[in-house]
Amino acid sequence: MSRPKSMLKPESESELRGIVAEASGPLRVMGGGTRPLGAPVEGEKLTTSDIQGIELHEPDALTMVARAGTAVADIEEALSMERQRLAFEPIDHRRLLGTSGTPTIGGVFAANASGPRRIQCGAARDFLLGVKFVDGRGNLIRNGGRVMKNVTGYDLVKLMAGSYGTLGIMTEVSFKVMPMSRAAGTLLFRNLSDADAINALSKALGSPFEITGAAHVQKEVGGFQKTLVRVEGTEKSIRYRCEKLCGELAEFGSCELLFDQDQVTKIWQDIRDVAAFENRDGDVWRISVKPTDAPGIVAGLNDAEAIYDWGGGLVWILLSDKTGINDLRRSVIAAGGHATLVRGDATRGAFQSAPAAVAAIEEGLRGKFDPRGILNPGLMRRTA
């Protein structure tokens, strides 16, 4: 079957191995093409979207095995039939980046895409149990397994998560899933300053009430700031915990209790997908810092707007004034954090420069897994 040169779409591992082994130049590797993160890659496009299908789902063992090109929507549909879910709540970048296509489970793990529930359950990589991938020579490699207690030597599973297809092209992933909560409730505070919002979120996270979402949006439709705390569980439990939390956070003002499930679901999907920056002019940065440092960093930027997630540990910044890029990077580095350009001109690099020792390890790993340098070359280019 002939295929247009503009896009390679292998339908099996063996076909993918042949393409990589015979490649004479760089390959721009992607899943569904919904999250073109990192520096631009010049090369022949290759998508794993046709390597799809759920291989195994063991609800009692809370595990699933799927081919990398399987749509996230198909994964979620299969899990929902057993009242299970992807606990780490993967972000869908399409609204923020203005992309189309279908997010794939391989793309989720390749980007380590994790949403608001990360503060409670961990990141995508923490749920990844095993991988199969094709390296830069065209070899098929398997690592990990289908259970949490699996020791097979080097932990390539964690190495592949967040590698953006630069070390290998994932063809199959096995991962842990979690039961779906019966209900969710949200506390809403209006018009808190950034500093007060972070203090409120920190106090909530320090409570015994099992918070699964803690976010602050500087500007929302209607013009007010909103601070949000999510609790999940049974309906009776969430009502009790939300009421108790509301009392414990009374020093920050009155709060509204939201229990309408459609409303709560939409609120947290919007937080997860950074919906407030959709169709807005300006670069978008993702910074990771100590929550107490975040408000000061944002306040030091001109013409910037922020969404704080993970209790303030993750901050999405819409920066309209490009002259503030150096200020942003300097302040984040001084605070011991990390800054990544998610939307904007990443020609000079999207990722923050790494210490020399770390950079040497990264270079060594790429040399081992992709000695010809053909898998997304330059995508993870770093800049000071």
Side-chain angles (χ1 to χ4, degrees), residues 12-14 16-17 29-32 35 48-49 51-92 102-135 139-181 212 232 272 310 365 368-370 375:
S12 66
E13 289 174 343
S14 60
L16 174 60
R17 291 180 64 187
V29 182
M30 65 185 76
R35 50 182 114 246
T48 60
S49 59
I51 304 176
Q52 56 180 268
I54 296 173
E55 298 280 297
L56 176 71
H57 181 201
E58 296 182 317
D60 293 341
L62 296 174
T63 57
M64 178 175 277
V65 181
R67 293 174 182 168
T70 308
V72 173
D74 292 343
I75 299 286
E76 292 175 333
E77 181 180 3
L79 291 175
S80 68
M81 294 176 67
E82 299 291 341
R83 292 204 57 79
Q84 295 177 342
R85 66 184 176 189
L86 296 170
F88 54 89
E89 210 168 0
I91 175 177
D92 182 343
T102 302
T104 65
I105 193 65
V108 164
F109 285 113
N112 192 32
S114 313
R117 205 176 287 114
R118 185 196 186 286
I119 57 171
Q120 190 244 1
C121 70
R125 64 161 47 94
D126 298 312
F127 287 80
L128 192 58
L129 303 175
V131 293
K132 288 173 69 178
F133 65 93
V134 174
D135 70 8
N139 298 319
L140 181 65
I141 299 172
R142 182 198 297 268
N143 187 251
R146 297 177 178 178
V147 295
M148 289 301 291
K149 294 181 180 179
N150 186 287
V151 180
T152 56
Y154 295 110
D155 194 356
L156 302 184
V157 174
K158 298 297 189 290
L159 189 64
M160 292 299 294
S163 63
Y164 294 89
T166 60
L167 299 179
I169 306 171
M170 284 188 278
T171 61
E172 182 184 280
V173 290
S174 57
F175 48 95
K176 185 173 72 167
V177 300
M178 296 295 285
M180 187 181 296
S181 296
T212 67
E232 296 177 290
R272 180 195 72 184
W310 303 353
L365 286 170
K368 292 293 185 182
F369 286 92
D370 181 24
L375 302 181

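For reference, positions follow the sequence shown, starting with 1.
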**Q.** Pair Leu79-Met81, side-chain contact (heavy atoms from CB on, under 4.5 Å): steps then yes or no
**A.** CA-CA 5 Å; Leu79 291 175; Met81 294 176 67; over 6 Å; no
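- Checked against Ile105 for a side chain to side chain contact (heavy atoms under 4.5 Å, CB included), the options Asp74, Ile54, Leu86 give a single hit: Leu86.
- Shortest non-hydrogen contact noted between Val108 and Pro90 is CG1-CB, 3.8 Å.
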Q: I would like to know whether Phe133 and Asn139 meet side-chain contact (heavy atoms from CB on, under 4.5 Å); could you show each step before the answer?
A: CA-CA 8 Å; Phe133 65 93; Asn139 298 319; over 6 Å; no
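- Here CZ of Arg125 is found 9.0 Å from CG of Leu159. Values are rounded to the nearest 0.5 Å.
- Residue Ala113 comes nearest to Arg35 through the heavy atom pair CB-NH1, 3.9 Å, listed as atom of the first residue, atom of the second, then distance.
- Residues Met178 and Gln84 fail the side-chain proximity criterion, which asks for heavy atoms closer than 4.5 Å.
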(Q) Set out, in order, the CA-CA distance, both residues' side-chain angles and the distance that settles side-chain contact (heavy atoms from CB on, under 4.5 Å) for Lys132 and Arg67, then state yes or no. (A) CA-CA 9 Å; Lys132 288 173 69 178; Arg67 293 174 182 168; over 6 Å; no
**Q.** Pair Thr104-Val72, side-chain contact (heavy atoms from CB on, under 4.5 Å): steps then yes or no
**A.** CA-CA 5 Å; Thr104 65; Val72 173; 5.5 Å; no
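- With salt bridges taken as basic N to acidic carboxylate O contacts below 4.0 Å, none links Arg85 and Glu76.
- When side chains are defined from C-beta on, Asp126 does not count as touching Ser114, because their heavy atoms never get closer than 4.5 Å.
- Here the two rings, on Phe127 and Phe175, have centers that are 6.0 Å apart or farther.
- A donor-acceptor pair shorter than 3.5 Å cannot be found between the side chains of Gln52 and Thr70.
- Side chain of Asp370 to backbone of Leu375: a donor-acceptor contact under 3.5 angstrom is found.
- Looking at heavy atoms from C-beta onward, Leu128 lies in side-chain contact with Val173 at the 4.5 angstrom threshold.
- Listed by first then second residue, pairs satisfying salt bridge (Lys or Arg N to Asp or Glu O under 4.0 Å) with a partner in residues 105-120 read Glu89-Arg117, Arg117-Glu232, not counting sequence neighbours.
- Here the closest non-hydrogen pair linking Val157 and Gly130 is CG2-CA, 3.8 Å.
- Taking the six-membered ring where the residue is Trp, the centroids of Phe88 and Phe109 are separated by under 6.0 Å.
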